[in-house]
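Scope of the values below: all heavy atoms of this structure, side chains included, with no hydrogens, waters or symmetry mates. Order of the sequence lines sets the chain letters (A, B, ...), proteins ahead of strands, with each chain counted from 1.
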Number of protein chains: 2
Amino acid sequence: MDTDYPSDQTPAVRRRQKVRDSILAAAERVFAKEGESGLSIRRLAEEIDYSPSAIYKYFGSKEELLEELKEAFFDRLMAQVDRVAALNLDFHDRARACVTTYVATAVERPHHYAAAFSSIPTVEEAAARQNLGWEDFIQTSKGQAFKVLVDLVEDGQARGVFDRTLEPVKAAKSIWASSHGLALLMIHMPVLPDMQPCEAQPTGDFVAFHADIVMRGLAVPASTPQQNGAST
Amino acid sequence: MDTDYPSDQTPAVRRRQKVRDSILAAAERVFAKEGESGLSIRRLAEEIDYSPSAIYKYFGSKEELLEELKEAFFDRLMAQVDRVAALNLDFHDRARACVTTYVATAVERPHHYAAAFSSIPTVEEAAARQNLGWEDFIQTSKGQAFKVLVDLVEDGQARGVFDRTLEPVKAAKSIWASSHGLALLMIHMPVLPDMQPCEAQPTGDFVAFHADIVMRGLAVPASTPQQNGAST
DNA sequence: TTAATAAAGTGAACACTGTTCACTTTTCGA
DNA sequence: TCGAAAAGTGAACAGTGTTCACTTTATTAA
């Protein structure tokens, strides 16, 4: 949290920033605990002791406010993964850590993670977005997240751990899908992860298990002769 | 659709059933196109030419009505997968078909699928559900879905395709997570699947690709007993 | 310091939502 | 045919996001 406000700004903008932040903080607090259903403009206004209409001097709509919450969360999520990806670890451990960190951070704030993937575009919207190319996508926050994965795959391939015949982009999509699915399954179906009848195990262990399975799916296959090129 | 009404019933209950069905049909129509945001009691009432309060003679709440929609969809989804799972196919093809069918059916009705996994239980609720055991879970609709997967895994292990050291329940969770994640990624991020820069390919092909990757992750390892993690 | 201007904040209203309830109308069995 | 049960209704309640004319406060220029 950066709770300090730059002194090279006029008091007005500093005050404004403070109020804006207090709104976001209240929203964050309520949303983390109760999700979107508990988050109303009137409730936020009450929490920060302003009138409901005051909120609209700081945010164009509830939607905009929520968007900012989600964006901030996604940035935190990716920062976590980036930090882990930069660690000096054995490739297997690093890849596994990326997945487990992603899932753990997602599950930590279930409402945030679920909300970050909640909008369902209409067919027209979907078609329109098809038109923006790789360069455009890679600059969105989700695109940045994806690039980390593609890099990971290419690294794995260079080290001879992952199958070189797989297209890195497709492999990255596969990893993301698998991680995304586990996170959401744990969020929406908490019955599952620690489920019997196998002996009870801490949740984290299953995440690591899943991550290993995912990596195994991308590993060089048994039969295919792998050219023993030294890793770069 | 069973649009015929049993004649061994009094006209009253038949009429009632018809009205009830018309509500559900209208709800289905609206929900499929616009999702929950477009579905209001007043709108439903308008569509079937009744007053809003009439709906409450047939459904206790909007929540209940929605629950029925979701349940019906999930049943259709599982019926599709069951049908494919019962096909007389080579194991690989059968396993792949289960995943691709699951994902395809989910993506066909994005709002339904997303809604079926939309509730986020509080920590207390989650803890409460932890207490119901395998026998209870296996009898829910989601439990039934899961059992199909466990059977598939056990079949694969029996045939020597899947790694026998993996616990079937954990492996099944892994498959579900991967399939679930792909379905939701396609629903919420339609930018991704057909994304460049790799040569454009029909969406379906990526689903099959992903399914194969997932299967490869569960296959018997090359020769050396894999390091740590996956085999424990 | 004062006057003019811009920003911040407010309360009432609008149009919407799910839901309830007293009420009327219709249906159906005794 | 009568009476009870079921079906259906309209108005209302409490809640939602949002707008807008309005007042109050703060900032800037003269």
Atom pair distance, as rounded to whole Å: OH in Tyr58(B) and P in dA6(D): 12 Å
Between Gln17(B) (CD) and dA7(D) (C1'), how many Å, whole number? 15 Å
Interatomic distance, Tyr50(A) OH vs dT24(D) P [rounded to whole Å]: 17 Å
Interatomic distance where CZ belongs to Arg15(B) and P belongs to dA7(D) [whole Å]: 8 Å
Round to a whole Å and report the spacing from CZ of Arg16(B) to C1' of dC28(C). 15 Å
Per the salt bridge (Lys or Arg N to Asp or Glu O under 4.0 Å) rule, what does the pair list look like for residues 50-65 of chain B, sequence neighbours excluded? none
Before giving the answer on salt bridge (charged side-chain N to carboxylate O under 4.0 Å, His left out), spell out for Lys142(A) and Glu71(A) the whole-Å C-alpha distance, their side-chain angles and the decisive distance to 0.1 Å. CA-CA 10 Å; Lys142(A) 301 257 170 75; Glu71(A) 196 74 29; over 6 Å; no
How close or far is atom C1' of dT18(D) from atom CG of Leu44(A), stated in whole angstroms? 14 Å
Among pairs that include at least one residue of residues 17-67 of chain A, which meet ring pair (Phe, Tyr, Trp, His ring centres under 6.0 Å), considering only residues two or more places apart or in two chains? Phe31(A)-His112(A)
State plainly whether the residues Arg43(A) and Glu47(A) are in salt-bridge range, i.e. N to O under 4.0 Å. yes
Mark yes or no: Lys173(A) above the aromatic ring of Phe206(B), with NZ or CZ under 6.0 Å from the six-membered ring centre and no more than 45 degrees from the axis. yes
For atom CZ of Arg20(B) and atom P of dA7(D), their distance in whole Å: 12 Å
Assign a letter to each nucleotide of nucleotides 13-26 of chain C from its 5' end: B, base within under 4.0 Å of a protein heavy atom; S, sugar-phosphate only; -, no contact. B---BBBBB-----
How about His180(A) and Tyr113(A): are their ring centres within less than 6.0 Å of each other? yes
In whole Å, I'd like the distance from the CG atom of Asp49(A) to the C1' atom of dA8(C). 16 Å
